[in-house]
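Written out below as structure tokens is the structure these notes cover.
Nothing fancy with the numbering, it's 1 onward along the sequence.
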Amino acid sequence: MAWRCVSHLKHILRGTYASSSRLGSTSIDIPRWVTYMPRPGDGSPRPVTLIPGDGIGPLVTGAVKQVMEAMHAPVYFETYEVHGYMTTVPAEVIESIRRNNVCIKGGLETPVGGGVSSLNVQLRKELDLYASLVNCFNLPGLPTRHENVDIVVIRENTEGEYSGLEHEVVPGVVESLKVITKFCSERIAKYAFEYAYLNNRKKVTAVHKANIMKLADGLFLESCREVATKYPGIKYNEIIVDNCCMQLVSKPEQFDVMVTPNLYGNLVANTAAGIAGGTGVMPGGNVGQDHAVFEQGASAGNVGNAKLVEQKKANPVALLLSSAMMLRHLQFPSFADRLETAVKRVIEEGKYRTKDLGGTSTTQEVVDAVISRLD
């Protein structure tokens, strides 16, 4: 509830609930008139595919498992070992995600150069996880250069420069194809506007480079414009990607929901995450028609380095918040709320923070702090 409504609400409730409401403070006890009504059987434990991944992945996914167990969340995990050096995602892992519909994963290291393709991209294409969502926002108690940042970056996840269509024309000349289709552009635009509508967001910004890539990014913009006409209550605007990056670092509070082609979305999401508090605290996920994979929102630093692994000081906050997104996706809203509230309390108190947030805590110390603050 918006704070500006609290004083008005106190006035309304004063007569009837004066004895039960703490009207002298901003925290008041309000009777729960409407509650979430599950269908019979909705409380049954749900299987979730778990991929610990590389680097800090086992540390942060281990943190998620501990917190889920401590709060008695109705989920259980099917764990599979997948590593970035593998040539393909094992078939049994794909089958598990198809069966469970939901996966949570640590980072998978992608080799630079060479002939090994990214397993992250393989997962997205195999399961048609066409929408990547990263929420970049200020956390109370965590100082940043800018305030009032609350940006959702929605990125097309299956084509563009990530299509993987490259070949050497002649020695010393390589051609890489960027593929943009009407179908994929329309569905990511629809997802962005639907997300904005369902989450009471006011504006959708399309990020592009249509001044140079007139056909490819022009098709993306054309699709966004067509979809925008169906949502007259949501403001729509467009911005060229280079200007977008400059505006992000100078006035990020102007952005709300951003919809982008594949490569731009990766750059914009990592930039926005850095502005709002760092990649270690930003949640995210990848969703398609039937399946969803949740992971750290921004890709930068999702594997970490050997020193972090050795000292066991990886930041688990991003994946904990991503797991809250997963719980809400599974229609367990009260568990998601409890987890998010506990994480935000730990951040706001400032006693337990990992090095990237200016502290010295270990992963386990942060996890223990979160568990102790679960209501």
Is there a donor in the side chain of E365 and an acceptor in the side chain of T363, or the other way round, less than 3.5 Å apart?
no

Flag for S322-E295: side-chain donor and acceptor within less than 3.5 Å:
no

If we only count heavy atoms from C-beta on, is the Y236 to Y231 side-chain gap below 4.5 Å?
no

Would V257 end up clustered with I239 when hydrophobic side chains under 4.5 Å apart are linked, directly or stepwise?
no

Taking the side chain as every heavy atom from C-beta outward, state whether I104 and F77 have any pair of such atoms under 4.5 Å apart.
yes

Taking the side chain as everything from C-beta on, heavy atoms only, tell me whether R225 gets closer than 4.5 Å to E222.
no

Say whether, by atom type as modelled, one donor and one acceptor occur between the side chain of D256 and the main chain of R201 under 3.5 angstrom.
no

Using side-chain heavy atoms (C-beta onward) and a distance below 4.5 Å, is P261 in contact with H208?
no

Check whether any side-chain heavy atom of R145 lies under 4.5 Å from a side-chain heavy atom of I275, and answer yes or no.
no

Within a reach of under 6.0 Å around NZ of K178, are more than 12 heavy atoms found that belong to other residues, nucleotides or ligands?
yes

Is it true that, when you exclude K125 itself, more than 12 heavy atoms of the residues, nucleotides or ligands shown sit nearer than 6.0 Å to its NZ?
yes

For the residue pair T260 and I154, establish whether any side-chain heavy-atom pair is separated by less than 4.5 Å.
no

Is a side-chain donor-acceptor pair under 3.5 Å present for T144 with N138?
yes

Look at atom NZ of K203 and say whether more than 12 heavy atoms of other residues, nucleotides or ligands are closer to it than 6.0 Å.
yes

I'd like to know whether the aromatic ring centres of F294 and H329 sit less than 6.0 Å apart in this structure.
yes

Looking only at side chains, do K202 and N200 share a donor and an acceptor under 3.5 Å apart?
yes

Are H83 and E81 close enough that some pair of their side-chain heavy atoms sits under 4.5 Å apart?
yes

Within the 3.5 Å criterion, strictly below it, is a donor on Y85 or D54 matched to an acceptor on the partner's side chain?
no

Validation row: E238, T205 side chains within 4.5 angstrom (heavy atoms)
no

Around atom OH of Y195, are there more than 12 heavy atoms from other residues, nucleotides or ligands closer than 6.0 Å?
yes

Modelled atom types, side-chain donor and acceptor of S96 and E78, under 3.5 Å:
yes

Y162 six-ring face occupied by R155 cation (under 6.0 Å, within 45°)
yes

Using distance alone, with no hydrogens and no angle criterion, decide if N262 and N266 have a side-chain donor and acceptor under 3.5 Å apart.
no

Residue K230 excluded, over 12 heavy atoms near NZ under 6.0 Å
no

Would you say that more than 12 heavy atoms from the other residues, nucleotides or ligands in this model lie under 6.0 Å from the CG of L215, or not?
no

What do you reckon, is CD of Q289 surrounded by more than 12 foreign heavy atoms closer than 6.0 Å?
no

